[in-house]
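Notes for the one structure printed next.
Below, read A as the first sequence line, B as the second, and so on, with proteins coming before strands; counting in each chain starts at 1.
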Number of protein chains: 2
Amino acid sequence: MPRAATASDVFNAIAEPQRRDILTLLRTGERPATDVARALGLTQPGTSKHLRVLREVGLVQDRRAGKQRIYRLDARGLRVIHEWTGGFERFWSESFDRLESYVQDMKHTSEGASHE
Amino acid sequence: MPRAATASDVFNAIAEPQRRDILTLLRTGERPATDVARALGLTQPGTSKHLRVLREVGLVQDRRAGKQRIYRLDARGLRVIHEWTGGFERFWSESFDRLESYVQDMKHTSEGASHE
DNA sequence: ATGACGCTTTCCTATATGGGCATATGATAG
DNA sequence: CTATCATATGCCCATATAGGAAAGCGTCAT
């Protein structure tokens, strides 16, 4: 079984680099689809598909403007990810320390009794 | 072409719910592989595969302890994700406001001229 | 050495996915 | 109504999964 459906999971939606690029680009303001494609050097159909996924998970909203379809960032969905990773924040500094003390322990141990 | 290799991209690694569960579990302390499987109700080989992915992207570290292999969280890799999503933080509240004013506009418009 | 335990790897399969291309849909202009 | 521009879809392919089952190590006890 492959990964869970991209279209229903924000984590999955941003697992694709190009989609992250699109979101980053849209931070500078809303844009018509073709603009997005051009700005990022992507094909038009490809961009459209990525935008569709982003739309389905709610990370962008779209609006009609004549022939164009304007896409706008709706970053609220990223919050859950920010918070989930935030739950690990205290381990970022800690793990360095722990690793070092672990290495120290190993040194001592092997100095005391030199069995590997 | 499918998504970029899971094993090289942290975004991809945490796109899989079970792997997120594993990471969350490991926040409570290191555990032997079987323990992880049991605690989460996963199959043992499946767990092993997920742990391998997490190991390859550096989110966990492993250590031998007799017959067992102890897995430990190394959350440093999550930092980049936290920071990336953090770049969108200011849009979280903003988008609500914008959405509301947009809804207001719509109301006014359709009140003025009742065409849908 | 033998066996049991803990875990990893290998096969195999079903299914998403992303990319390219052609085509369809939608809206506006003439 | 037709041509045209802006996007979206459909189709086909190659590839990466995740899952299940079975077999392959490495380690420890006897």
Side-chain angles (χ1 to χ4, degrees), chain A residues 1-23 25-26 30-73 115-116, chain B residues 1-23 25-26 30-57 59-72 115-116:
Chain A
M1 210 181 283
R3 219 178 309 239
T6 288
S8 56
D9 183 23
V10 184
F11 282 89
N12 238 313
I14 67 158
E16 159 61 57
Q18 298 183 147
R19 285 198 287 264
R20 290 202 293 276
D21 291 343
I22 292 177
L23 292 176
L25 175 66
L26 289 180
E30 54 180 26
R31 299 209 186 208
T34 305
D35 244 62
V36 174
R38 227 178 351 88
L40 299 176
L42 308 176
T43 69
Q44 182 270 314
T47 306
S48 184
K49 288 172 193 168
H50 284 313
L51 284 170
R52 191 229 242 275
V53 172
L54 292 172
R55 195 192 321 144
E56 284 174 344
V57 299
L59 286 174
V60 301
Q61 294 185 8
D62 62 308
R63 159 173 68 90
R64 275 263 169 62
K67 297 193 259 192
Q68 299 185 310
R69 187 175 286 252
I70 314 284
Y71 280 89
R72 184 157 57 83
L73 178 65
H115 55 75
E116 24 90 54
Chain B
M1 209 181 283
R3 219 179 307 240
T6 288
S8 56
D9 181 23
V10 184
F11 281 90
N12 240 312
I14 66 157
E16 159 60 56
Q18 297 182 149
R19 284 197 287 264
R20 291 201 293 276
D21 291 343
I22 292 177
L23 293 176
L25 175 66
L26 289 179
E30 55 181 27
R31 299 209 187 208
T34 306
D35 244 61
V36 174
R38 230 178 350 89
L40 298 177
L42 308 177
T43 69
Q44 184 269 311
T47 306
S48 185
K49 288 174 194 166
H50 284 314
L51 284 171
R52 190 227 241 279
V53 172
L54 292 173
R55 195 192 321 143
E56 283 173 345
V57 299
L59 286 174
V60 301
Q61 293 186 9
D62 62 310
R63 158 172 69 89
R64 275 262 168 62
K67 296 192 258 194
Q68 299 185 310
R69 188 175 286 252
I70 315 283
Y71 281 89
R72 184 156 59 83
H115 54 75
E116 25 91 55

Worksheet item: Under 4.5 Å between any side-chain heavy atoms of A/Leu23 and A/Ile14, yes or no?
Response: yes
Worksheet item: Hey, does the side chain of A/His50 come within less than 4.0 Å of C/dT17's phosphate (OP1/OP2), counting only N and O?
Response: no
Response to the item:
Separation of D/dA6 atom P from A/Arg63 atom CZ, nearest Å, is 17 Å
Item to complete: State which of C/dG19, C/dG18, D/dA6 makes the closest approach to the side chain of A/Arg19.
Response: C/dG18
Practice prompt. Using atom CZ of B/Phe11 as one end and atom C1' of D/dA16 as the other, report the distance to the nearest whole Å.
Written response: 19 Å
Practice prompt. Without swapping roles, check the side chain of A/Arg31 against the backbone of A/Val36 for a donor-acceptor pair under 3.5 Å.
Written response: no
Worksheet item: Rounded to whole angstrom units, what separation is found between the CD atom of A/Glu16 and the C1' atom of D/dT15?
Response: 14 Å
Fill in: Rounded distance in Å - CG (B/Asn12) to P (C/dA16)
17 Å
Fill in: Options D/dA6, D/dG26, C/dG18, nucleotide nearest the side-chain atoms of B/Lys67
D/dG26
Worksheet item: Within this structure, what is the CD-to-C1' distance between A/Gln44 and C/dG18, rounded to whole angstrom?
Response: 15 Å
Discussion item. Regarding B/Arg38, tell me which of base, sugar-phosphate or nothing describes its non-hydrogen contacts under 4.0 Å with the strands shown.
Written reply: nothing
Worksheet item: For A/Ala15 and B/Asp9, which heavy atoms make the closest approach, and how far apart are they?
Response: O-OD2, 3.7 Å
Discussion item. Is there a side-chain contact between A/Arg64 and the phosphate of C/dA27, meaning an N or O under 4.0 Å from OP1 or OP2?
Written reply: yes
Discussion item. Is the phosphate of D/dA8 approached by A/Tyr71 (side-chain N or O, under 4.0 Å from OP1 or OP2)?
Written reply: yes
Discussion item. Expressed as a whole number of angstroms, how long is the span from B/Lys49:NZ to D/dG19:P?
Written reply: 8 Å
Practice prompt. Provide, to the nearest angstrom, the distance between the CZ atom belonging to B/Arg69 and the C1' atom belonging to C/dG6.
Written response: 10 Å
Discussion item. What's A/Gly66 touching, base or sugar-phosphate or nothing? Going by heavy atoms closer than 4.0 Å.
Written reply: sugar-phosphate
Fill in: Euclidean distance, atom CG of residue B/Leu42 to atom P of D/dG19 [Å, nearest integer]
8 Å
Discussion item. Determine whether a donor-acceptor pair (one donor, one acceptor, N or O, separation below 3.5 Å) exists between the side chain of A/Gln68 and the base of C/dA27.
Written reply: no
Fill in: Of the listed nucleotides D/dA22, C/dG18, D/dA8, the one nearest the side chain of B/Pro45
D/dA22
Worksheet item: Quick one: which of D/dT9, C/dG20, C/dT28 gets closest to the side chain of A/Ser48?
Response: D/dT9
Discussion item. What's A/Thr47 touching, base or sugar-phosphate or nothing? Going by heavy atoms closer than 4.0 Å.
Written reply: nothing
Worksheet entry | Donor-acceptor contact below 3.5 Å, side chain B/Gln68 vs main chain B/Ile70 | no
Discussion item. Any non-hydrogen side-chain atom of A/Val60 less than 4.5 Å from a side-chain atom of A/Leu26?
Written reply: yes
Discussion item. At less than 4.0 Å, is any side-chain N or O atom of B/Gln18 found next to OP1 or OP2 of D/dG19? Yes or no.
Written reply: yes
